[in-house]
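Take a look at the structure below.
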Amino acid sequence: MRLRGKVAIVTGSGSGIGLATAELFACEGARLVIADVDPQLGKCVEVGILERGGDALFVLTDVAREEDVKRMAAATASRYGKVDILVNSAGIAVAGNALQISEEVWEHCMAVNLKGVWLCSKHVIPLMGTEGGGIINIASTHPFRAQSNYFPYAVAKGGLLALSSSLAVDFGPRHIRVNSVCPGFIDTPMNHELLSKLKESPERYEEFLAAHPLRCLGEAEDVAHACVFLASDESRFVTGATLIVDGGRTVYGHFFGDMIPS
Ligand SMILES: NC(=O)c1ccc[n+]([C@@H]2O[C@H](COP(=O)([O-])OP(=O)(O)OC[C@H]3O[C@@H](n4cnc5c(N)ncnc54)[C@H](O)[C@@H]3O)[C@@H](O)[C@H]2O)c1
């Protein structure tokens, strides 16, 4: 077991990438805090891990609200006494170009996708002991390869990469490693509507697959495996890094229309 004895908080672990990561971490021996804004999803993940013999605590958390994050950190400290790993996966997809979105939409996108990561880091880092810890931020490939009409999302995820670098530099001397994982298009509930629209046209779907050198879409588990590496001691000399998990789409010169976010 690669994470035996470690305490991990995974935000957004009610669904998708966060869920797969929490479940894989539990299989690897970690004790989990499931921090999600959706009470049904979060409770269900907690129960599932407990039923399989793991250790998990669900804490209802809106990462965009500092009071919630403080409460989540306090609940973690009281249950486990420390934190080794924080995975910031809570996020929302926000569409629209710079002229279309309102100030409210911009602020909501930044609050969940960017400020939430800062708040969680701010209140969780003090719970990491002298041996340090690891923070893994789930960013995106948007900062490297812009998709049209995903302006606020791309800006937030670009900011998240800068946030990760900054934390890596400031907290490296305390043995806290901070890395980003940038998933490409992953088949999760976030993308289900888009994917079913895409599949309505078999030619267009095939064309989309062909935009990936590996000729397939990613699963949440593909991202979760990258997170296990970054959370484990195997990556003890890795910090400030950005790991792209996208089937090769970012480095491929293939053009695919203008409507697929990742
Ligand atoms: N699916 C993809 O293709 C893809 C690609 C690149 C990056 N990402 C990023 O990966 C992360 C996870 O995405 P996903 O595909 O698993 O999405 P998802 O919608 O399946 O899961 C997101 C989870 O975050 C939770 N959440 C949303 N707002 C929250 C808040 N304010 N506080 C706490 N929890 C909140 C939701 O309840 C849900 O459980 C996101 O940060 C997303 O931007 C996803």
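Counting starts at 1 for both ligands and their atoms, following the listed order. Note that the coordinates shown come from a computational prediction; the quantities given were computed from them, not determined experimentally.
Between the side chains of Thr11 and Ser89, no donor N or O sits under 3.5 Å from an acceptor N or O. There is a side-chain donor-acceptor pair under 3.5 Å between Tyr80 and Asp55.
Every atom of ligand 1 with a heavy atom of Pro183 under 4.0 Å away is listed here by number and element: 5 (C), 6 (C), 7 (C). Near Ile17, meaning under 4.0 Å from any of its heavy atoms, are these atoms of ligand 1: 10 (O), 16 (O), 44 (C). The Tyr153 neighbourhood of ligand 1 comprises atoms 6 (C), 7 (C), 8 (N), 9 (C), 42 (C), 43 (O), with distances under 4.0 Å to a heavy atom of that residue. If you number the atoms of ligand 1 from 1 as listed, the ones under 4.0 Å from a heavy atom of Gly14 come out as 39 (O). Here is the list of ligand 1 atoms found below 4.0 Å of a heavy atom in Phe185: 3 (O). Using a 4.0 Å cut-off to heavy atoms of Pro189, the atoms of ligand 1 that qualify are 20 (O). Remark: ligand 1 atoms within the under-4.0 Å shell around heavy atoms of Thr61 are 32 (N), 33 (C). When each atom of ligand 1 is checked for a heavy atom of Asp62 under 4.0 Å away, the hits are 30 (C), 31 (N), 32 (N).
Assignment of Gly116 to the shell around ligand 1 is not supported, since no heavy atom sits closer than 4.0 Å. At least one heavy atom of Gly184 sits under 4.0 Å from some atom of ligand 1. Heavy-atom distances between Lys157 and ligand 1 reach below 4.0 Å in at least one pair.
Checking only distances, Leu41 never comes within under 3.5 Å of ligand 1, N or O to N or O. Annotation: Ser140 places no N or O atom under 3.5 Å from an N or O atom of ligand 1; distance criterion only.
Thr242 is listed as a side-chain neighbour of Leu161, based on a closest heavy-atom distance under 4.5 Å. Using a 4.5 Å heavy-atom threshold, the side chains of Arg31 and Lys6 count as separate.
For Glu107 (side chain) and Glu104 (main-chain N/O), no donor-acceptor pair under 3.5 Å exists by modelled atom type. When atom types are taken as modelled, the side chain of Arg71 and the backbone of Leu60 share a donor-acceptor pair closer than 3.5 angstrom. Between the Asp246 side chain and the Arg249 main chain, a donor and an acceptor come within less than 3.5 Å of each other.
If you look at Val112 next to ligand 1, the close heavy atoms, those under 4.0 Å, all belong to the side chain. Here Val63 has heavy atoms under 4.0 Å from ligand 1 in both its backbone and its side chain.
With distances taken over non-hydrogen atoms, the option nearest atom 3 (O) of ligand 1 out of Asn191, Asn88, Val45, Asn113 is Asn191. Nearest residue to atom 22 (C) of ligand 1 from Gly91, Gly18, Gly16, Gly42 is Gly91 (criterion: closest heavy atom). Across the listed options Ala139, Gly12, Ala90, Ala139 owns the non-hydrogen atom lying nearest to atom 7 (C) of ligand 1. Considering Val87, Asp36, Asp38 only, the shortest heavy-atom separation from atom 36 (C) of ligand 1 involves Asp36. Taking all heavy atoms of Asp68, Thr188, Leu217 into account, the minimum distance to atom 14 (P) of ligand 1 is reached by Thr188.
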Apply side-chain hydrogen bond (donor to acceptor under 3.5 Å, both in side chains) to the pair Ser235 and Arg177, showing each step before the final yes or no. CA-CA 9 Å; Ser235 60; Arg177 299 184 296 108; 3.0 Å; yes

Which is it for Asn137 and Ser164 under the side-chain hydrogen bond (donor to acceptor under 3.5 Å, both in side chains) test, yes or no, and what are the steps along the way? CA-CA 7 Å; Asn137 294 324; Ser164 298; 2.9 Å; yes

Under the criterion salt bridge (Lys or Arg N to Asp or Glu O under 4.0 Å), I'd like the reasoning laid out for Lys70 against Asp68: C-alpha separation, chi angles, the key distance, then a yes or no. CA-CA 5 Å; Lys70 268 191 200 167; Asp68 276 28; over 6 Å; no

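Because its NZ or CZ atom is not both nearer than 6.0 Å to the ring centre of Phe58 and within 45° of the ring axis, Lys43 does not count as a cation-pi partner of that residue.
For the pair Leu160 and Ala139, the tightest heavy-atom approach, listed with the atom from each and the gap, is CD2-CA, 3.9 Å.
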